[in-house]
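First up is the structure itself, then whatever we jot down about it.
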2 protein chains.
Amino acid sequence: MASKEEIMNQLKNEILSLQLKPGTMISETALSERFELSRTPIRDILKQLSQENYVDIYPKKGNIVSYIDLESVEQIIYLRSALEKEIMKGLAGNLSLKGVHELKHILAMQKDCISQEDESDHFLQLDDAFHEALFVLAGRGFLWNLIQQFNVHYIRYRKLHMLQQDKLTEIQKEHQLMADYIIQDERDKIDDLLHHHLRADIDSLYFQEHFSEYIKK
Amino acid sequence: MASKEEIMNQLKNEILSLQLKPGTMISETALSERFELSRTPIRDILKQLSQENYVDIYPKKGNIVSYIDLESVEQIIYLRSALEKEIMKGLAGNLSLKGVHELKHILAMQKDCISQEDESDHFLQLDDAFHEALFVLAGRGFLWNLIQQFNVHYIRYRKLHMLQQDKLTEIQKEHQLMADYIIQDERDKIDDLLHHHLRADIDSLYFQEHFSEYIKK
DNA sequence: TTAAGATTTGTTGTATACTAGTTTGTGAAA
DNA sequence: TTTCACAAACTAGTATACAACAAATCTTAA
């Protein structure tokens, strides 16, 4: 039915979108039948998915969709925080006109998105787009891609997190501020803003209480 | 002859130590015969090695030991630089007595190591040990391990780099300074020191001229 | 001699049978 | 009814045969 690449992306999507819930067993034979492909290439796919933390392999027992690991989420946030501080300071005052326009364009789309209903998935994409743009403008697209490989837990965390309350407006405004600080070269304000922006509520217990079924214990 | 894990570590070692030179072809059948194991588990190993950039897979053509990618080296250095600045600032003034002793112990071993001859490999280990200790003391061992997965290029780069001139004393002294700054809580001096420490000579052309056979074009 | 095409050889990609460990369910005995 | 044992039905791990493709080489004709 499909190529390896396509199957992998589809599985990734189903996991990230939580259609496949953490803990769900996905056996080689089942996938093999579903996608009409023999077990060998399916094994390759599962191997890679496990390497990128989408799936946990329990030898001779089975493969399950990984539970969200909050520890890993916190560590990734710290990593991004440190990196983006550096990146934003590098960009501050040095941003090309083309760059300015790109950021403003994304910000405008985010504003549009908020007025729509039930568009949190789309907003999430635009959120990523904004941060990715910062990386790329600073010549650090390489590192953005690198981080993406460890983002399974963080992405699912954010998805659930955004559902729980209407944070979208706040996030958009913070993006706006970030762009302003870069353009106006107010680099002394960057650290605090970024810290709040990325770390928002990771420490609160709300998440663990309401989504315990998805979480690694 | 050996388990998958052992085979993987052995291959990793041979690649990192440059016994297996970049560009060398390593076919599944050859490995299969060498380790007396069938192709399927060997394929698993190669897949993982390629994921960690030890090996490049060319579909239907073959697998080769990856060339050192200087771009990737530079990006990793930037990443480590940003992270370690943050980590050191976090540690400054907050280091436990046990931590102080640990760092001093490593520094002492480095000093010993320098007096020996032909011990650059050992010194490299101690260099890692020092930086890893900083990560772990800050509760960021997770991120240290994460970075390690992208370190193939960087490790080989450093290995060659250290051969070219006697940098060991300088490195050791900088480590000493780093520890002092942390203990004395002189965090304003950290940025510049770390920048120099990690970035040393990455931009020089010496490397590209002398080791072109190892380098990705 | 040269150039083009067929052949051979070497590579990974895939399918499938077989091995071995784990879990689960069933039935008999206490 | 409960508990234990054993078999059957899963699972992934491995071996191996074969297909598909790429590249180099050899052959043959111009």
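Naming convention: chains lettered A, B, ... in sequence-line order (proteins, then strands); numbering from 1 in each chain. The structure presented is a predicted model; accordingly, all values stated were derived computationally and were not measured.
- Backbone-only engagement by A:Lys4 is indicated by non-hydrogen atom pairs under 4.0 Å involving sugar-phosphate atoms exclusively.
- Distance from the side chain of B:Thr29 is smallest to C:dT11 among C:dT14, D:dG13, C:dT11.
- Taking 4.0 angstrom as the limit, A:Lys61 places none of its side-chain polar atoms (N or O) nearer than this to OP1 or OP2 of C:dG21.
- Going from atom CD1 of A:Ile42 over to atom P of C:dG13 covers 15 Å, rounded to whole Å.
- Protein atom CE of A:Met25 is 14 Å distant from nucleotide atom P of C:dT22, rounded to whole Å.
- Nucleotide D:dG13 holds its P atom 13 Å from the CD atom of B:Glu5, rounded to whole Å.
- Contact between B:Leu194 and B:Lys85 at its shortest, heavy atoms only, is CD1-N, 3.4 Å.
- More than 12 heavy-atom neighbours from other residues, nucleotides or ligands sit within 6.0 angstrom of NZ on B:Lys4.
- Distances shorter than 4.0 Å separate none of the side-chain N or O atoms of A:Ser38 from OP1 or OP2 on C:dT14.
- Across all strands shown, A:Asp44 has no heavy atoms under 4.0 Å from either base or sugar-phosphate atoms.
- Between A:Pro41 and B:Ser27, the residue anchored closer to the 5' end of DNA chain C is B:Ser27, taking for each the nucleotide with the nearest heavy atom.
- Taking atom CG of B:Leu37 as the reference point, atom P of D:dT16 lies 10 Å away to the nearest angstrom.
- Nearer the 5' end of DNA chain C, as judged by each residue's closest nucleotide, is the contact made by B:Gly62, out of A:Arg39 and B:Gly62.
- Atom CD of A:Glu28 and atom P of D:dG13 are 6 Å apart (whole Å).
- Ion pairing of B:Arg140 with B:Glu86 is absent here, as no side-chain N (NZ or NE/NH1/NH2) approaches a carboxylate O to less than 4.0 Å.
- In this structure, A:Ile45 atom CD1 and C:dA15 atom P are separated by 11 Å, rounded to whole Å.
- Ring centroids of B:Phe207 and B:Tyr157 are separated by less than 6.0 Å, placing the two rings close together.
- If B:Lys60 and B:Thr40 are placed on DNA chain D by their nearest nucleotide, the residue sitting closer to the 5' end is B:Thr40.
- A:Arg43 has no side-chain polar atom (N or O) that falls below the 4.0 Å cut-off from OP1 or OP2 of D:dA12.
- Between B:Asn63 and C:dT11 there is no side-chain polar atom (N or O) within less than 4.0 angstrom of OP1 or OP2.
- Salt bridge status for B:Lys89 with A:Asp191: absent, with no side-chain N to carboxylate O gap under 4.0 Å.
- As a whole-Å value, the separation of A:Ile64 CD1 from D:dC10 P is 20 Å.
- A straight line from OH of B:Tyr58 to C1' of C:dG13 spans 18 Å, rounded to a whole angstrom.
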